[in-house]
Amino acid sequence: FITRILNETREAILTNQKRTPFGSDAHIRDLEKSLTELIALRNQQSKGTSARYIYARAVEQRRKELKAALRAHSLAISSQ
């Protein structure tokens with residue numbers, strides 16, 4: 001019950017600065033797009049550089065956020 005309330009009240013701010021419910025279709029699309037962009041930026045960097053390391057950590061973080069959003073999305077669908 002508490003998890004459902006928390007998921008219902010969480011919001012995400014998209015790259016265009018609009019607010020949307022956490023785990024919504026728009027939120028997931030935005031995360032996927034930014035993840036693709038981060039991976040491209042990481043891959044442009046030479047291996048072993050600090051810039052590539054920083055992008056790699058950002059990619060890792062974005063993947064975790066996407067995983068959480070997908071989990072929230074599936075919970076929202078199953079609770080309907």
request  = Rounded to the nearest 0.5 Å, what's the gap from CD on E11 to OG on S24? Could you check?
outcome  = 10.0 Å
Path from F22 to L31 over hydrophobic side-chain contacts below 4.5 Å = no
key: Which atom of A58 lies closest to which atom of L38, heavy atoms considered   = O-CD1, 3.9 Å
inquiry  = Regarding R63 and E60, does a basic nitrogen lie under 4.0 Å from an acidic carboxylate oxygen?
reply    = no
request  = Taking H73 for its side chain and A69 for its backbone only, find out whether a donor-acceptor pair lies under 3.5 Å.
outcome  = no
request  = Report the distance from atom CG of L70 to atom NE2 of H27, rounding to the nearest 0.5 Å.
outcome  = 9.5 Å
ask   = Distance from R57 atom CZ to R52 atom CZ, nearest 0.5 Å?
value = 10.5 Å
ask   = For the hydrophobic clusters of this structure (ILVMFWY residues joined by side-chain heavy atoms under 4.5 Å, transitively), does one cluster hold both I28 and L14?
value = no
request  = Identify the two heavy atoms, one from A72 and one from G23, that lie closest to each other, and give their separation to 0.1 Å.
outcome  = CB-CA, 4.4 Å
query = How about L66 and R62: do any of their side-chain heavy atoms sit closer than 4.5 Å?
reply = no
